[in-house]
Amino acid sequence: MGVIDHLSDMFDCSGGHGHSHKKRKQLQTVEIKVKIDCEGCERKVRRAVEGMEGVTQVDIEPKQHKLTVTGYVEPKKVLARVKHRTGKRAEFWPYVPYDVVAHPYAPGVYDRKAPAGYVRNDYNDPRVNQLARMSSTEVRYTTAFSDENTNACSIM
């Protein structure tokens with residue numbers, strides 16, 4: 001809570017001493033993956049979230065099947081509303097730029113359905129291949145005997 005918020009609460013002249021303050025929602029950007037095939041689907045998804053209280057901006061990228069909602073909203077409520085109003089399967093945007101991930105082409109992280117330049121963000125998922133979570137020391141040991149490494153040790 002900032003200094004100005006604290007001072008405004010101290011010098012509140014509204015007269016209601018026993019009332020509780022409602023916690024303010026933060027300005028958030030919610031990214032959702034939802035299948036958008038045509039202009040009708042795009043219109044349906046846009047109308048589903050534009051009417052929500054607190055929404056300030058709605059961006060849709062149909063080729064990437066991506067919905068971006070900006071406003072004073074809760075992400076879970078936005079996702080639930082998209083699912084309910086459109087009847088489509090929706091999930092939070094599961095992709096991150098491949099520069100962020102240590103091993104972008106490891107099984108479980110690389111996704112052929114991902115937009116160009118993106119990979120799946122499954123770093124904390126225990127089902128993802130172990131290579132995606134290896135430290136640099138472990139990578140050095142596993143690649144020391146790799147067939148793809150030209151300087152690797154080969155035992156015949």
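- What you find for Val82 and Ala90 is that their closest heavy atoms are CG1-CB, 4.0 Å.
- Going from atom NZ of Lys83 over to atom CD of Glu91 covers 8.5 Å, rounded to the nearest 0.5 Å.
- Under the 4.5 Å side-chain heavy-atom criterion for Ile, Leu, Val, Met, Phe, Trp and Tyr, Trp93 and Leu67 are members of distinct hydrophobic clusters.
- Proximity of Val30 to Val73: side-chain heavy atoms (C-beta onward) are separated by under 4.5 Å at one or more points.
- Among residues two or more places apart in sequence or in another chain, the side chain to side chain donor-acceptor pair (under 3.5 Å) test is passed with Lys33 by Tyr95.
- Residues His65 and Val34 are not in side-chain contact: their nearest non-hydrogen atoms beyond the backbone lie 4.5 Å or more apart.
- Residue pairs meeting the salt bridge (Lys or Arg N to Asp or Glu O under 4.0 Å) criterion with at least one member in residues 51-71, sequence neighbours excluded, are Glu31-Lys66.
- Side-chain N or O atoms of Arg81 include none that pairs as donor or acceptor with a backbone N or O of Val49 at under 3.5 Å.
- Contact record, Ala48 with Arg85: CB-CB, 3.6 Å, taken as the closest heavy-atom pair.
- Summarising the local packing, CZ of Phe92 is surrounded by more than 12 heavy atoms from other residues, nucleotides or ligands at distances under 6.0 Å.
- Side-chain contact between Ile36 and Ile60: present, with at least one pair of heavy atoms (C-beta onward) separated by less than 4.5 Å.
- Side chain of Thr56 to backbone of Thr70: a donor-acceptor contact under 3.5 angstrom is found.
- Pairs passing the salt bridge (Lys or Arg N to Asp or Glu O under 4.0 Å) check and including a residue from residues 35-52, sequence neighbours excluded, read Glu42-Arg46.
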